[in-house]
Enquirer: 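Below is the structure I would like to discuss, written out as structure tokens.
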Amino acid sequence: MSLPGEERPGADDRPTVQITAVTWPVAAPGTEPQPAPGTEPQPAVVSPPEPQPARRGRRLAVLAAAVTTVVVAGIAGAGSYAYSGDIPRGTQVLGVEVGGKSRAEAEAALQGELTRRAPELNAPIDVRIGEGNVTVAPQEIGLHIDVAATVDEAAGSEPSLLGRLFGSHEVPPVVRLDTEKLDALLQPVARKQGRAMTQPAISYRGTTVKVVHPEPGLVLDTATTAQKIQDSWLTRGPVEAPLVEQYPEMSRAEVDELAEGLARPAVAAPVTVKTDGGKITISPRAIAASLTFTLDDSRRLTGHVDAKRLRDALVDELPKVEREAKDATVTIAGGKPKVVPDRAGRRLDVSTLAGDLIAVLARTDDRTVSAGFRPVQAKTTAKDVAKLGIREKVAGFTTYFTGGIALPRNHNIAVVADTVDGVVIKPGEVFSLNGFTGERGYAQGYKDAPVILNGKLVPAVGGGISQFTTTLFNAIYYAGLEDVFHQPHSYWYSRYPSVIESTIFYPSLDFKFRNNTPNGIVLDTSYNDSSITVTVWGTKVYDKVTTEWGPKRNISNPRTVHLEDGPSCLATNGTQGFSQDAWRIFVKNGKEVKRERFSWTYDAEPRYICRPKSRS
């Protein structure tokens, strides 16, 4: 049945013929089917027959799939083989096959090869430097193959699959050495074969500018030498260490420009410094002493003013504007101790001045700069002194002299007495007379007077200070303070108590004592034309301190010595020598609480006679 408008198929008027089906034997693949024996081949129609091309396509597809499977399986097997282990197959290091191995196995194999080749690898290396030669042992410079790093390099190589299966490739070993050790070994010869670089310099001789121009040096190229050793070590090739020119960072022209632009104008005229306390002058010589030219981090010469040198150069100018701080002390007024307040000082801010000064030095006019001060506080304030408990006179001692205070010897006693007067010594502190006064020379106001030197009296600056020392020693002795160090004279003089007296000589022989009381003490000194007195003020610990002397023993008489007459000869009457003991006795609450023994042996002082020089 057809729908309206649908075309009908054409009629097929051929008759339908029905035949019997014939079954042919199945031929082997690739042969033609044959009819059964004794029969004639008959045409046959199979209904419905399969289309022949589809069957053949299916067989080809099956065959292709099988071949693909075999190929894929083969490729997979080859890939599994090629990519097994941490190191790609076909990889060698120093001729050792490490491909296909784990890192640990590769390291072990490589280490084994290095052990085998140890005699060769440890052989000395000759390094030629110019006309010189250095023999270097690999161990001396840490030359070695980094096994772990080499295996890492091998593991990181990327050969192709075919390269892994059929090829081989060599990975160079990682060679390391200590460049600093190599440099240290080569430098002694390198310095002889090369030449040192001359760095630029600018300095002053007085106020004259001295310029050193830069010159290139010929120095060892250590980095290149190290690389050459690393590259040639395994092949044992010769090593030529290169010497290369090394140039300073500054040129001659730049150094001359700095000299003309700063160094010479700097000392052409003085500089005036304005302060709130007045003006001071920095002379050209002071500028030259403090202006320095040094190489900065970039090895270029720069000028700057050294603050410490500037302060030293202005030693005569600074007192005009600076003020020293004064410690609080104690004075005795009306027989009682009174606190004298401290006073702050001021010091020129030389550090800031040094920075500001550099900008002025290049000028030819308007050479003026302003400077400020830094406050300086006293070490001991009035509060500090008030807490020390200085309430009363503890002890005092007086010694006598003749000739009046104007006599050089007595003048020296007055100078040192004024220096020590009012010094406050805190609990536990040690007082050193040499340390407190410093050098006692002409600059400090002392004069020549007799001193004992090598067993005889000779004139020397500061003579007479021993009498002050003895007076001070006895004052602290009777105050019950601790004797740290003292030394009596070699001869005894009747103006001093025997044994408990002291000499001094700067700087080798000192006198020291400790304030071993819980309160502070102050030393009060006074003198007149015939005596010197030292009084210790503080708070008493003992009721009194007394002395008991033992008898003199081992008495010796003086000998007579004749000396050439002259300014250095001082005649003496001579004194006896002897040994003696003295006991310091401490009394508290009416009872002796302790005693200390002092002992000394005096030499017999010769009787020196100054005879006139013989005349021929």
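Sequential numbering from 1 along the given sequence is applied to the chain's residues. Remember, predicted model here, so these are calculated numbers, not experimental data. Because only heavy atoms are used, hydrogens play no part in the values below, and waters and symmetry mates are left out as well, while side chains stay in.
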Enquirer: Measure the shortest side-chain to side-chain distance between Val416 and Tyr446 over non-hydrogen atoms and say whether it is less than 4.5 angstrom.
Expert: yes
Enquirer: Without swapping roles, check the side chain of Asn474 against the backbone of Phe397 for a donor-acceptor pair under 3.5 Å.
Expert: no
Enquirer: Return a table of donor-acceptor pairs under 3.5 angstrom between the side chains of residues 281-289 and protein atoms on other chains or two or more places apart.
Expert:
unit_1: Ser283; atom_1: OG; unit_2: Ala286; atom_2: N; d: 3.1

Enquirer: Report the distance from atom CD1 of Ile332 to atom CG of Asp421, rounding to the nearest 0.5 Å.
Expert: 9.0 Å
Enquirer: In a check of ring-ring contact (aromatic ring centres under 6.0 Å, His included) between His489 and each of Phe505, Tyr602, Tyr496, which one passes?
Expert: Tyr496
Enquirer: Phe511 versus Leu472: any side-chain heavy-atom pair under 4.5 Å?
Expert: yes
Enquirer: Rounded to the nearest 0.5 Å, what separates atom CZ in Phe578 from atom OG1 in Thr601?
Expert: 9.5 Å
Enquirer: Taking C-beta and beyond as the side chain, do Leu433 and Val420 meet within less than 4.5 Å on heavy atoms?
Expert: yes
Enquirer: Can you spot which of Asp418, Asn410, Thr533 makes a side chain to side chain donor-acceptor pair (under 3.5 Å) with Tyr527?
Expert: Asp418
Enquirer: Between the side chain of Arg367 and the main-chain N/O of Ala269, is any donor-acceptor distance below 3.5 Å?
Expert: yes
Enquirer: Would you say Lys387 has more than 12 foreign heavy atoms packed within less than 6.0 Å of its NZ?
Expert: no
Enquirer: Are the side chain of Gln580 and the backbone N or O of Gly550 linked by a donor-acceptor pair below 3.5 Å?
Expert: yes
Enquirer: From Gln576 CD over to Asn557 CG, what is the distance, rounded to the nearest 0.5 angstrom?
Expert: 5.0 Å
Enquirer: Please walk me through it: do Tyr478 and Thr547 pass side-chain hydrogen bond (donor to acceptor under 3.5 Å, both in side chains)?
Expert: CA-CA 9 Å; Tyr478 285 107; Thr547 302; 2.9 Å; yes
Enquirer: Ring of Tyr506, cation from Arg440 - is the NZ or CZ under 6.0 Å from the centre and inside 45° of the axis?
Expert: no
Enquirer: Counting heavy atoms not belonging to Lys326, are there more than 12 under 6.0 Å from its NZ?
Expert: no
Enquirer: Hey, does the side chain of Arg300 reach the backbone of Asp296 with a donor-acceptor pair shorter than 3.5 angstrom?
Expert: no
Enquirer: After noting the C-alpha distance and the side-chain angles of Phe373 and Arg323, does the key distance pass the side chain to side chain contact (heavy atoms under 4.5 Å, CB included) rule?
Expert: CA-CA 10 Å; Phe373 294 97; Arg323 185 176 64 227; over 6 Å; no
Enquirer: For residues Ser502 and Thr469, is any side-chain donor paired with an opposing acceptor at under 3.5 Å?
Expert: no
Enquirer: Are any side-chain N or O atoms of Asp183 and backbone N or O atoms of Glu180, one a donor and one an acceptor, separated by less than 3.5 Å?
Expert: no
Enquirer: Test of understanding: with salt bridge (charged side-chain N to carboxylate O under 4.0 Å, His left out), list the residues that count as partners of Asp349, not counting sequence neighbours.
Expert: Arg374
Enquirer: Would you mind reporting whether Leu295 and Pro200 have side-chain heavy atoms less than 4.5 Å apart?
Expert: yes
Enquirer: Can a donor-acceptor pair be found, under 3.5 Å and without considering hydrogens, that links the side chain of Asn434 to the backbone of Leu509?
Expert: yes
Enquirer: Could you give me the CA-CA distance, side-chain angles and deciding distance for Asp581 and Arg553, then say whether salt bridge (Lys or Arg N to Asp or Glu O under 4.0 Å) is met?
Expert: CA-CA 10 Å; Asp581 300 322; Arg553 60 187 187 276; 3.4 Å; yes
Enquirer: Looking at Glu501 and Ser498, would you say the former's side chain and the latter's main chain have a donor-acceptor pair under 3.5 Å?
Expert: no
Enquirer: Test of understanding: with salt bridge (charged side-chain N to carboxylate O under 4.0 Å, His left out), list the residues that count as partners of Arg391, not counting sequence neighbours.
Expert: none
Enquirer: Starting at CG of Asp510, measure out to CD of Gln487 and round the result to the nearest 0.5 Å.
Expert: 11.5 Å
Enquirer: Take atom CZ of Arg595 as the centre, draw a 6.0 Å sphere, and report whether it contains more than 12 heavy atoms from other residues, nucleotides or ligands.
Expert: yes
Enquirer: How many angstroms lie between atom NZ of Lys338 and atom OG1 of Thr329, to the nearest 0.5 angstrom?
Expert: 13.0 Å
Enquirer: Is Glu324 atom CD crowded by more than 12 heavy atoms from other residues, nucleotides or ligands, each under 6.0 Å away?
Expert: no
Enquirer: Should the ring pair Phe473 and His486 be called parallel, tilted or perpendicular, given that the plane angle runs from 0 to 90° and is split at 30 and 60?
Expert: parallel
Enquirer: Does any N or O in the side chain of Asp448 come within less than 3.5 Å of the main-chain N or O of Val461, such that one atom is a donor and the other an acceptor?
Expert: yes
Enquirer: Please tell me if the side chains of Gln444 and Val415 come closer than 4.5 Å, counting only heavy atoms from C-beta onward.
Expert: no
Enquirer: Please check this pair: side chain of Asn412 against backbone of Ile465, looking for a donor-acceptor N/O pair closer than 3.5 Å.
Expert: no
Enquirer: Please give me the minimum heavy-atom distance between Asp356 and Ser370, naming the atom from each residue.
Expert: OD2-O, 4.3 Å
Enquirer: Using a 3.5 Å distance criterion without hydrogens, assess whether the side chain of Ser531 forms a donor-acceptor pair with backbone atoms of Thr398.
Expert: no
Enquirer: Report, as yes or no, whether the 6.0 Å neighbourhood of atom CG on Asn528 holds more than 12 heavy atoms from other residues, nucleotides or ligands.
Expert: yes
Enquirer: Which heavy atom in Val424 sits nearest to a heavy atom in Glu429, and how many Å separate them?
Expert: O-OE1, 4.3 Å
Enquirer: Regarding Lys512 and the six-membered ring of Phe485, is the cationic atom NZ or CZ under 6.0 Å from the ring centre and inside 45° of its axis?
Expert: no
Enquirer: Can you tell me how far the OG1 atom of Thr294 sits from the NE2 atom of His304, to the nearest 0.5 Å?
Expert: 5.0 Å
Enquirer: For Phe598, does the six-membered ring have the charged nitrogen or CZ of Arg584 within the cation-pi criterion, i.e. under 6.0 angstrom from the centroid and within 45° of the normal?
Expert: no
Enquirer: Give me the atom names and distance for the closest heavy-atom approach of Asn516 to Leu481.
Expert: OD1-CA, 3.4 Å
Enquirer: Go through it in stages, so that I can follow the logic: the residues are Asp342 and Thr380, the test is side chain to side chain contact (heavy atoms under 4.5 Å, CB included), and I'd like the CA-CA distance, side-chain angles, deciding distance and then a yes or no.
Expert: CA-CA 7 Å; Asp342 58 285; Thr380 303; over 6 Å; no
Enquirer: Are Val305 and Leu361 close enough that some pair of their side-chain heavy atoms sits under 4.5 Å apart?
Expert: yes
Enquirer: Mind checking whether Phe293 and Tyr204 have side chains closer than 4.5 Å, heavy atoms only?
Expert: yes
Enquirer: With a 4.5 Å heavy-atom cut-off, do Glu596 and Tyr477 have their side chains touching?
Expert: no
Enquirer: Do other residues, nucleotides or ligands put more than 12 heavy atoms under 6.0 Å from Arg607 CZ?
Expert: no
Enquirer: Ignoring hydrogens and angles, state whether a donor on the side chain of Asp306 or Ser290 is under 3.5 Å from an acceptor on the partner side chain.
Expert: no
